[in-house]
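What follows is a set of notes on a single structure, which appears directly below.
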Amino acid sequence: MELSKKDNLNGGENLNKLRLESVMRLHGDTGTSLAKYMGISRTTFSAKINETNGGEFTQGEISTIIGKYSLSPDDVWQFFLRINCLI
């Protein structure tokens, strides 16, 4: 999946941390190893995955994660665009 600048993706309050962490573990990654792969500090990665201190993944960082784990469009929806709603 390729992202363009017009795509409104971010890892804000809709991030599904547990799904992302499960895929990381499945691939033998830790927060430290993925942060290194992404070129960010472990502290910054932690803030982004935990959504603390205003942390959220950028479009470029999401693209990097998509590429690393070969995520499908459905995976991207489940990880980064999950919308909480009541039916």
task = Just jot down the salt bridge (charged side-chain N to carboxylate O under 4.0 Å, His left out) partners of Asp29, sequence neighbours excluded, or say none.
result = Lys68
task = Only one of Asp75, Leu34, Thr64 passes side-chain contact (heavy atoms from CB on, under 4.5 Å) with Tyr69; say which it is.
result = Leu34
task = For Gly31 and Phe45, work out which heavy atoms get closest and say how close.
result = CA-CE2, 3.6 Å
inquiry  = Rounded at 0.5 Å granularity, tell me how far CE in Met38 sits from CD1 in Ile65.
reply    = 4.0 Å
ask   = Which residues pass the side-chain hydrogen bond (donor to acceptor under 3.5 Å, both in side chains) test with Ser41, sequence neighbours left out?
value = Thr44
message = Going by side chain to side chain contact (heavy atoms under 4.5 Å, CB included), name the residues that satisfy it together with Asn53, two or more places apart in sequence or in a different chain.
response = none
inquiry  = Let me confirm one number: the NZ-CG distance from Lys48 to Leu20, rounded to the nearest 0.5 Å.
reply    = 12.5 Å
message = Over 60° means perpendicular and under 30° means parallel, so tell me whether Phe80 and Phe57 are parallel, tilted or perpendicular.
response = perpendicular
query = About how many Å separate OG of Ser33 and NZ of Lys36, when rounded to the nearest 0.5 Å?
reply = 9.5 Å
query = Heavy atoms, side chains only, cut-off 4.5 Å: are Met24 and Ile49 in contact?
reply = yes
query = Got a second to check how far Ser22's OG is from Phe79's CZ, nearest 0.5 Å?
reply = 5.5 Å
request  = Tell me, please, which residues at least two apart from Ser46 pass side-chain hydrogen bond (donor to acceptor under 3.5 Å, both in side chains).
outcome  = Asn50
inquiry  = Any side-chain to backbone donor/acceptor pair from Glu61 onto Thr58? Under 3.5 Å, distance only.
reply    = yes
request  = With sequence neighbours left out, write down each residue that passes side chain to side chain contact (heavy atoms under 4.5 Å, CB included) with Leu26, or none if nothing qualifies.
outcome  = none
